[in-house]
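Before any comments, here is the structure.
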Amino acid sequence: MADADAPTEVAAGSSASESTLTVVVAFGANLLVAVAKSAAAVITGSASMLAEAAHSWADTGNEVFLIIAQRRAAKPADEEHPFGFGREVYVWSLFAAIGLFAVGAGVSITHGISELVHPEPAGDFVVAYVVLAVAFVLEGISFLQASRQAKRAAATQERDLLDHVLETSDPTVRAVFFEDAAALLGILVAALGIGLHQATRSPVPDAVGSILVGVLLAVVAVVLIDRNRRFLVGQVADPRANAAAVRALLALPEVERVTELRLEFVGARQVYLTGAVDLTGNPAEDAASHVLASLERKLARTPAVVGATLSLSEPQDPAL
């Protein structure tokens with residue numbers, strides 16, 4: 001549908017297989033990190049380390065949700081779901097974001113406050129530093145994979161990286177990118193809290209570090225919840241994608257002009273097209289209905305378009 005030169009997500013996006021690889025890499029890294037941080041939290045008694053363990057377990061659970069999201073969204077269309085199951089990816093990604101808020105942020109903030117009220121000293125700081133260093137490397141590997149995928153798509157669509165991650169219709173890329181970025185920042189916060197605990201012999205910095213990690217996770221979770229909510233209730237495609245679709249329709253010999261066009265995301269890199277067109281030669285009603293049906297079938301054969309509904313333009317409507 002869209003022209004080859006259109007820098008849009010509809011015209012060219014990250015492949016589903018690459019998104020799956022990104023999630024699998026993140027799952028493996030988070031699982032290893034969660035086990036190591038949990039052991040270190042028990043050994044050291046550090047509030048920040050416990051917060052980081054909760055963070056990693058929440059991320060690990062989230063990757064499971066994201067894998068389910070991709071598998072369910074890939075199901076073929078059926079009679080009850082003629083446009084497929086693409087929106088499933090936003091439902092399960094929303095569950096993952098809520099889990100990050102409830103488990104990751106909730107446990108971290110609650111435990112940090114508890115440590116401020118009933119402080120307990122920590123020990124075996126070397127264990128904590130080693131685990132955090134290993135975790136930083138593993139989380140970094142996962143973050144690099146998510147960043148590489150996002151950068152390639154962002155460059156194709158002429159966006160900067162952060163804009164693309166926020167606007168992409170693929171919630172798995174957005175979730176892994178932000179969760180890994182939060183994980184790397186959280187590790188630095190935890191290391192600072194533990195270091196100040198060791199230097200001052202006061203558990204207060206460690207407890208504050210736990211709370212800060214929780215606040216960071218809460219912010220990330222709210223961003224992810226909001227983005228998934230927008231796509232679930234109906235998010236239209238980038239204006240450049242609309243412009244590309246208009247050009248593609250005008251290139252068809254049956255179409256004289258386009259007066260209305262809307263592309264709404266119904267899944268990752270999947271849109272439903274609605275529009276109004278003026279047909280070449282002003283055919284009679286019966287002939288026009290056949291031409292419109294033929295155009296709808298032609299548009300639906302485009303990989304990014306799961307379905308299309310076209311109507312005839314009113315004579316007074318301006319062309320796009």
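Side-chain polar atoms of Tyr90 and Gln235 form no donor-acceptor pair below 3.5 angstrom. For the residue pair Asp160 and His164, no side-chain donor N or O sits within less than 3.5 Å of a side-chain acceptor on the partner. With no hydrogens or angles considered, no side-chain donor-acceptor pair links Thr168 and Asp170 at under 3.5 Å.
Surrounding CZ of Phe101 are at most 12 heavy atoms belonging to other residues, nucleotides or ligands under 6.0 Å away. Glu80 CD: 12 or fewer foreign heavy atoms inside a 6.0 Å radius. The neighbour count for Lys75 NZ, taken as heavy atoms of other residues, nucleotides or ligands under 6.0 Å away, is above 12.
In summary, Arg262 and Glu264 engage in a salt bridge, as defined by a charged side-chain N under 4.0 Å from a carboxylate O. A salt bridge is defined here as a Lys NZ or Arg NE, NH1 or NH2 lying under 4.0 Å from an Asp or Glu carboxylate O, and Arg159 with Asp238 meets this definition. Between Arg230 and Glu167 there is no salt bridge, since none of the side-chain N atoms of the basic residue sits less than 4.0 Å from a carboxylate O of the acidic one.
Shown here for Leu184 and Glu139, the closest heavy-atom pair between the two residues is CD2-CB, 3.7 Å. For Thr44 against Asp124, the heavy-atom pair with the smallest separation is CG2-O, 3.3 Å. When all heavy atoms of Gly209 and Val189 are compared, the closest pair comes out as O-CG1, 3.7 Å. Residue Met49 comes nearest to Leu132 through the heavy atom pair CE-CG, 3.6 Å, listed as atom of the first residue, atom of the second, then distance. The shortest non-hydrogen separation linking Ser56 to Val33 is OG-CG1, 3.3 Å. Closest of all the heavy-atom pairs between Val25 and Ser142 is CG1-CA, 3.9 Å.
Paired with Leu310 under the rule side-chain contact (heavy atoms from CB on, under 4.5 Å), one option of Val258, Leu261, Leu279, Leu273 passes, and it is Leu273.
A distance of 10.0 Å separates CG in Leu232 from CD in Glu88, rounded to the nearest 0.5 Å.
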